[in-house]
Engineer: 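Submitted below is the structure of interest, expressed as structure tokens.
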Amino acid sequence: MTQNEKDRFQLESLRLFMELNETQKILFEIADRLLSEKERRGSERRFMTDALSKVENKSITFYENMGDEEIETRYEAIVINEATEYAK
């Protein structure tokens, strides 16, 4: 189970079994949005690393220690190169 899955399970469990006041409801909503954003970023990163792996013929593990910014920069460069080649 990933950390996101654990966090989601804990958040939902607390929501189900606790009677929340208005402040707690707002805090739970904020936590839910933050977790959703984190999950979305993880999905985007996986998508980009999969694409990079195919185009650059490198293992997914090659990208594991790279920062998000480096992954995004490499991905954007490949998209630009592909668009340029297509336009020729």
Side-chain angles (χ1 to χ4, degrees):
M1 185 179 271
T2 67
Q3 187 61 49
N4 283 354
E5 291 169 334
K6 290 176 186 175
D7 292 344
R8 175 68 62 199
F9 178 78
Q10 185 175 18
L11 186 65
E12 293 304 322
S13 296
L14 290 171
R15 187 188 321 253
L16 290 173
F17 298 111
M18 289 182 66
E19 199 168 309
L20 304 174
N21 64 35
E22 287 305 310
T23 301
Q24 290 170 323
K25 287 178 184 176
I26 292 169
L27 291 173
F28 269 85
E29 181 63 30
I30 292 169
D32 183 56
R33 287 182 186 175
L34 290 172
L35 186 55
S36 294
E37 178 66 20
K38 184 178 175 186
E39 290 166 343
R40 185 186 63 74
R41 283 192 317 268
S43 289
E44 289 174 352
R45 181 183 170 95
R46 278 189 302 280
F47 175 83
M48 289 186 279
T49 55
D50 286 347
L52 287 170
S53 175
K54 289 176 184 171
V55 171
E56 295 181 341
N57 294 319
K58 295 183 180 173
S59 168
I60 291 287
T61 57
F62 176 79
Y63 305 100
E64 285 177 354
N65 294 326
M66 285 185 188
D68 290 344
E69 194 171 306
E70 185 175 0
I71 295 287
E72 289 173 15
T73 301
R74 291 175 83 117
Y75 180 79
E76 288 171 6
I78 286 179
V79 169
I80 290 168
N81 285 341
E82 292 293 321
T84 303
E85 287 298 316
Y86 180 77
K88 287 183 180 179

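Just so we're clear, the structure is a prediction, and the values are computed from it rather than from any experiment.
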Engineer: Taking atom CG of N4 and atom CG of L35, what is their separation to the nearest 0.5 Å?
Structural biologist: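 It comes to 5.5 Å.
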Engineer: Please check: side-chain N/O of S53 versus main-chain N/O of T49, any donor-acceptor pairing under 3.5 Å?
Structural biologist: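 No, because the side chain of S53 does not come within donor-acceptor range (under 3.5 Å) of the backbone of T49.
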Engineer: Should E44 and R41 be marked as a salt bridge (Lys or Arg N to Asp or Glu O under 4.0 Å) after you check the CA-CA gap, both sets of side-chain angles, and the distance that decides it?
Structural biologist: CA-CA 5 Å; E44 289 174 352; R41 283 192 317 268; over 6 Å; no
Engineer: How is the hydrophobic cluster of F9 composed, in terms of its other members, when Ile, Leu, Val, Met, Phe, Trp and Tyr link through side-chain heavy atoms under 4.5 Å apart, directly or indirectly?
Structural biologist: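 Members other than F9 - counting any ILVMFWY side chain reachable under 4.5 Å - there are none.
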Engineer: Can you establish whether the number of heavy atoms outside E69 located under 6.0 Å from its atom CD is more than 12?
Structural biologist: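 Atom CD in E69 is not packed in, count stays at 12 or less.
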Engineer: Take atom CD in Q24; do more than 12 heavy atoms of anything else shown fall under 6.0 Å from it?
Structural biologist: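 Yes, enclosed.
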Engineer: Can you list the other members of the hydrophobic cluster that holds I26, where links are side-chain heavy atoms under 4.5 angstrom apart?
Structural biologist: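 Cluster partners of I26: I30, L34.
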Engineer: Going by salt bridge (Lys or Arg N to Asp or Glu O under 4.0 Å), name the pairs with one or both residues in residues 20-30, residues two or more places apart or in two chains.
Structural biologist: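 Every salt bridge (Lys or Arg N to Asp or Glu O under 4.0 Å) pair that includes a residue of residues 20-30, provided the two are not neighbours, is E22-K25, E29-R33.
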Engineer: Run the numbers on R40 and S43 for side-chain hydrogen bond (donor to acceptor under 3.5 Å, both in side chains), then give the verdict.
Structural biologist: CA-CA 5 Å; R40 185 186 63 74; S43 289; over 6 Å; no
Engineer: Each residue besides F47 in its hydrophobic cluster should be listed here, by chain and number; the cluster joins Ile, Leu, Val, Met, Phe, Trp and Tyr at side-chain heavy-atom distances under 4.5 Å.
Structural biologist: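 When side chains under 4.5 Å apart are linked, the cluster holding F47 also contains M48, L52, V55, F62, Y63, M66, I71, Y75, I78, V79.
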Engineer: Would you find more than 12 non-hydrogen atoms of other residues, nucleotides or ligands less than 6.0 Å from N65 atom CG?
Structural biologist: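 Counting neighbours around CG of N65, 12 or fewer heavy atoms of other residues, nucleotides or ligands fall under 6.0 Å, so no.
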Engineer: If a pair satisfies salt bridge (Lys or Arg N to Asp or Glu O under 4.0 Å) and one of its residues is in residues 55-65, list it, with sequence neighbours excluded.
Structural biologist: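 Found E56-R74.
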Engineer: Taking only residues two or more places apart in sequence, or in another chain, which ones meet E39 in a side-chain hydrogen bond (donor to acceptor under 3.5 Å, both in side chains)?
Structural biologist: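 Per chain and number, E39 pairs via side-chain hydrogen bond (donor to acceptor under 3.5 Å, both in side chains) with R8.
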Engineer: Which heavy atom of N57 sits nearest a heavy atom of K54, and at what distance?
Structural biologist: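 Taking N57 first and K54 second, the nearest heavy atoms are OD1-O, 3.3 Å.
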Engineer: Going by atom types alone, do E85 and N81 pair a side-chain donor with an acceptor below 3.5 Å?
Structural biologist: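 Looking only at side-chain atoms, N81 and E85 do not form any donor-acceptor pair under 3.5 Å.
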